[in-house]
Each structure stands twice: as C-alpha cells, then as structure tokens.
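Fair warning: this is a prediction, and the values are worked out from it, not measured in the lab. Along the sequence shown, residues carry numbers from 1.
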Amino acid sequence: MGVQIVLSVLLLLVIMPQEGKGNFSSDFSGAGDDFEAQAYFKPKGKQAFLLKSTKIFSVLFFLNALALVVLNK
C-alpha cells in the first residue's frame, strides 16, 4: 500500500506542471485552429520528460492497483 501512495504522489508531481491542451470550448465551437497546427509538433525538453514520466508512473500505478486487488482476495 505504501508503494501506491508513493506512486500517487509522483503522478501528482509530474502531472501538475504540465501545460494544458488549450480551451475545451474552442474544440466544440470550431475555433482554435492554431492549436490544431501545433498538434503536429512533438514536445521537447521538459514537456517530453513530463509526458514520458506520466505514462510510466500511470502504468505502474495501474499495475500496482491490480496487484493489490489480487493479493487482497
């Protein structure tokens, strides 16, 4: 259970500093063409590190949660 708490704190630390994807209302109104043009560029530097870390920690969090469920049965 301690590992789950550590993973959840790590997830918070890598998710919070990430930049948002833009205004969600513009997705439905058809506005935001600038954002669509930027979607083709790969993140670099800090953003790429945070994205990879988020993916890794979320998979570990999920696998640990499944392991806790199996062990508690």
Nearest 0.5 Å please: distance from the [atom1] atom of [X] over to the [atom2] atom of [Y].
X     : Y     : atom1 : atom2 : answer
Leu51 : Glu19 : CG    : CD    : 12.0 Å
Leu10 : Phe61 : CG    : CZ    : 11.0 Å
Leu11 : Leu60 : CG    : CG    : 9.0 Å
Phe57 : Leu50 : CZ    : CG    : 10.5 Å

Given the rule that I, L, V, M, F, W and Y join up when any side-chain heavy atoms are under 4.5 Å apart, are [X] and [Y] in one cluster?
X     : Y    : value
Leu63 : Leu7 : no
Ile15 : Val6 : yes
Ile56 : Val3 : yes

For residues 53-67, pull every pair meeting side chain to side chain donor-acceptor pair (under 3.5 Å), keeping only residues two or more places apart or in separate chains.
->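 Listed once each, the pairs are Gln4-Asn64, Gln18-Thr54.
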